[in-house]
Chemist: 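Dropping the structure in here first, questions after.
Positions are given from 1, in the same order as the sequence printed here. Below, each value reflects all heavy atoms present in this structure, side chains not excepted, and no hydrogens, waters or symmetry copies. Keep in mind that what you see is a predicted model, and the values were worked out from it rather than measured.
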Amino acid sequence: MLGKCGECHVVGERSVVTTAAQLASQPARKVADLIKAYLGLTKPRVIELLLVTTIPAMLLAVRGIPSPFLVLATLVGGTMAAGSANALNCVVDADIDQVMKRTRARPLVRHTVSNRHALIFGVGLGAGSFLVLWAATNLLAGALAVATILFYVFIYTMVLKRRTAQNIVWGGAAGCMPVVIGWAGVTGRIDWPALVMFGVVFFWTPPHTWSLAMKYKDDYERAGVPMLPVVARPTAVSRQIVLFTWLMVVWTLLLVPATGWLYAAFAVVSGAWFIVLAHRLHGATKRGVPTKPMRLFHMSNTYLMIVFVALAVDSALSLPVLGWPW
């Protein structure tokens, strides 16, 4: 009897110890979950793409390697600006994020962060981005970052996204601004190569986004967002993807006079690859056979990385500039 009671006592003590350890770990888990939630508001995967384009723009601006401090400051300020825009976008879009399967795990939908706190967080990041860019680079870069945030939130998110199928075409301009901010951060002005890089991302955005929207058409339709695949026939969507793909590839070649052979070669080869996949998607759509739009979506990320990494390496190596043919 004593032995059995003693065993019960020992087991009981273990239970108490285990419970105490679990309770002690709860605050740490809550803090980690909260940090993860706020990080989720910034949409890190979207920011990664923006950073891929910012650094090459800065390298091209000096046709070499700029000050590491300048690059770091621009990346920090740019990341804060993008995070601000994305967090504020989550606040405005909380209602539609709740009904879309693709976005149901976002912090505001799961109520891990309140709308009020998310709003404060987004505004704070935006103000911080302006101060960082102004102090570490120049006023133009800081002002462009603020203008980008305001455009993304008030023009794209609040006006275009829910009212027109051309939402991503014009609203996507906000995603093109990191190259201009990076260029301005180095030079203090906006020159034609910055505008060409802006155009590359501008024409890249529709094929990238519409291929994703083809996959999640029902999601957007349920949320009342008139993405092109929701309001147009599949063949019309794939035709638009082909059109913008050609515009994008041709536009990348406009940058050739300011670069060397390395960029030119990769722009042509990767562009041809993108065009082939876009035409395959359109051909399958016209034939009425099952399509795989996500293949083009994932490839579009790879394409953008290849083009801008080639631009970065070409600029960092200071390869001879091809120049204009006349």
Chemist: Between Leu88 and Thr157, does the side-chain contact (heavy atoms from CB on, under 4.5 Å) criterion hold? Intermediate values first, please.
Modeler: CA-CA 9 Å; Leu88 295 174; Thr157 305; over 6 Å; no

Chemist: Please evaluate residues Arg116 and Ile120 with respect to the criterion side-chain contact (heavy atoms from CB on, under 4.5 Å), reporting the C-alpha separation (whole Å), side-chain torsions for both, the decisive distance (0.1 Å), and the verdict.
Modeler: CA-CA 6 Å; Arg116 180 172 178 271; Ile120 294 172; 4.2 Å; yes

Chemist: List in chain and number order the residues that pass ring pair (Phe, Tyr, Trp, His ring centres under 6.0 Å) with Tyr38, two or more places apart in sequence or in another chain; answer none if no residue qualifies.
Modeler: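 Testing Tyr38 for ring pair (Phe, Tyr, Trp, His ring centres under 6.0 Å), a comparison that skips the adjacent residues, returns Phe121.
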
Chemist: Are Ile55 and Met58 packed together at the side-chain level, in the sense that at least one heavy-atom pair is separated by less than 4.5 angstrom?
Modeler: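 Of all side-chain heavy-atom pairs linking Met58 with Ile55, none is under 4.5 Å.
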
Chemist: Hey, is CG on Leu39 packed in by over 12 heavy atoms from elsewhere, all under 6.0 Å?
Modeler: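 Correct, the count exceeds 12.
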
Chemist: Applying salt bridge (charged side-chain N to carboxylate O under 4.0 Å, His left out), can you list everything that pairs with Arg102, at least two apart in sequence or on another chain?
Modeler: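 Testing Arg102 for salt bridge (charged side-chain N to carboxylate O under 4.0 Å, His left out), a comparison that skips the adjacent residues, returns none.
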
Chemist: Hey, can you tell me if Tyr303 and Phe274 have their rings parallel, tilted or perpendicular (30° and 60° cut-offs)?
Modeler: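 Taking Phe274 first and then Tyr303, their aromatic rings stand perpendicular (interplane angle over 60°).
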
Chemist: With sequence neighbours excluded, tell me which residues meet side-chain hydrogen bond (donor to acceptor under 3.5 Å, both in side chains) with Lys217.
Modeler: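 Not a single residue meets the side-chain hydrogen bond (donor to acceptor under 3.5 Å, both in side chains) criterion with Lys217.
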
Chemist: Any ion pair linking Asp33 and Lys36 (charged N to carboxylate O, less than 4.0 Å)?
Modeler: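 Salt bridge between Lys36 and Asp33, a charged N being under 4.0 Å from a carboxylate O: no.
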
Chemist: What is the distance from atom OH of Tyr220 to atom CE of Met100, rounded to the nearest 0.5 Å?
Modeler: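 Reported to 0.5 Å precision, the distance equals 4.5 Å.
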
Chemist: Heavy-atom count around Phe130 CZ within 6.0 Å, excluding the residue itself: above 12?
Modeler: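 Atom CZ in Phe130 is crowded, with more than 12 foreign heavy atoms closer than 6.0 Å.
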
Chemist: I'd like to check the side-chain contact (heavy atoms from CB on, under 4.5 Å) partners of Pro178; sequence neighbours left out, ordered by chain and number.
Modeler: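 Testing Pro178 for side-chain contact (heavy atoms from CB on, under 4.5 Å), a comparison that skips the adjacent residues, returns Leu50, Thr53, Thr54.
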
Chemist: Begin from the C-alpha positions of Thr235 and Arg233 and carry the test side-chain hydrogen bond (donor to acceptor under 3.5 Å, both in side chains) through to its verdict.
Modeler: CA-CA 5 Å; Thr235 51; Arg233 291 178 293 105; 2.8 Å; yes

Chemist: Could you tell me if the side chain of Leu108 sits less than 4.5 Å from the side chain of Val113, heavy atoms only?
Modeler: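 Yes, their side chains come closer than 4.5 Å.
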
Chemist: If you count the non-hydrogen atoms of other residues, nucleotides and ligands that lie under 6.0 Å from CH2 in Trp170, is the total more than 12?
Modeler: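 Result for CH2/Trp170: open.
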
Chemist: State which residues pass ring pair (Phe, Tyr, Trp, His ring centres under 6.0 Å) with Phe203; sequence neighbours excluded, sorted by chain then number.
Modeler: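 So Phe203 forms a ring pair (Phe, Tyr, Trp, His ring centres under 6.0 Å) with Trp251.
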
Chemist: Would you say Leu322 and Val200 are hydrophobically clustered, going by side-chain heavy atoms of ILVMFWY under 4.5 Å?
Modeler: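 Shared cluster, yes.
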
Chemist: Mind checking what makes salt bridge (charged side-chain N to carboxylate O under 4.0 Å, His left out) contact with Asp218, not counting sequence neighbours?
Modeler: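 Asp218: no salt bridge (charged side-chain N to carboxylate O under 4.0 Å, His left out) contacts found.
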
Chemist: So that I can tick it off, tell me whether Arg162 and Asp95 are bridged by a salt bridge, with the cut-off set at under 4.0 angstrom between side-chain N and carboxylate O.
Modeler: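 A salt bridge links Asp95 with Arg162.
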
Chemist: Any side-chain heavy-atom pair from Ile306 and Trp273 closer than 4.5 angstrom?
Modeler: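 Ile306 reaches Trp273 side chain to side chain.
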
Chemist: Roughly how far, to the nearest 0.5 Å, is the CG atom of Leu70 from the CG atom of Asn138?
Modeler: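 So the gap between those two atoms works out to 8.5 Å.
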
Chemist: What heavy-atom pair brings Gly175 and Val201 nearest, and what distance separates the two atoms?
Modeler: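 Nearest pair, atom of Gly175 first, then Val201: O-CG1, 3.7 Å.
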
Chemist: If we ignore angles and hydrogens, is there a donor and acceptor under 3.5 Å between the side chains of Arg189 and Thr187?
Modeler: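 No, no side-chain donor-acceptor pair sits under 3.5 Å.
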
Chemist: Would Thr209 and Met227 count as a side-chain contact (heavy atoms from CB on, under 4.5 Å) if you check the C-alpha gap in whole Å, the side-chain angles of each, and the deciding distance to 0.1 Å?
Modeler: CA-CA 9 Å; Thr209 309; Met227 293 296 263; 3.5 Å; yes

Chemist: Check this for me: Arg104, atom CZ, are more than 12 non-hydrogen atoms of other residues, nucleotides or ligands nearer than 6.0 Å?
Modeler: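 Buried by this count: over 12 neighbours within 6.0 Å.
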
Chemist: Could you grab the distance from atom CZ of Phe308 to atom CG of Leu60, nearest 0.5 Å is fine?
Modeler: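 One finds 9.5 Å between CZ of Phe308 and CG of Leu60.
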
Chemist: Nearest 0.5 Å, please: how far is NZ in Lys43 from CZ in Arg106?
Modeler: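 Here the interatomic distance stands at 4.0 Å.
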
Chemist: Between Lys161 and Asp93, is the closest basic N to carboxylate O distance under 4.0 Å?
Modeler: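 A salt bridge is present here (some side-chain N lies under 4.0 Å from a carboxylate O).
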
Chemist: Atom CG of Asp314 and atom CH2 of Trp261: how far apart are they, to the nearest 0.5 Å?
Modeler: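 One gets 8.0 Å once the value is rounded to the nearest 0.5 Å.
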
Chemist: Nearest 0.5 Å, please: how far is OG in Ser238 from CE in Met214?
Modeler: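 Here the rounded value is 6.0 Å.
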
Chemist: Starting from Leu311, can I reach Val321 by hopping between I/L/V/M/F/W/Y residues whose side chains sit under 4.5 Å apart?
Modeler: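 Shared cluster, no.
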
Chemist: Might you confirm whether atom CZ of Arg295 has over 12 heavy atoms from other residues, nucleotides or ligands at distances under 6.0 Å?
Modeler: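 12 or below, so no.
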
Chemist: Is there a path of hydrophobic side-chain contacts, each under 4.5 Å between heavy atoms of I, L, V, M, F, W or Y residues, that connects Trp204 with Val269?
Modeler: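 No; tracing contacts between hydrophobic side chains, which count when under 4.5 Å, never links both residues.
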
Chemist: Starting from the C-alpha separation in whole Å, work towards a yes-or-no answer on side-chain contact (heavy atoms from CB on, under 4.5 Å) for Val169 and Phe244.
Modeler: CA-CA 10 Å; Val169 176; Phe244 275 92; 4.2 Å; yes

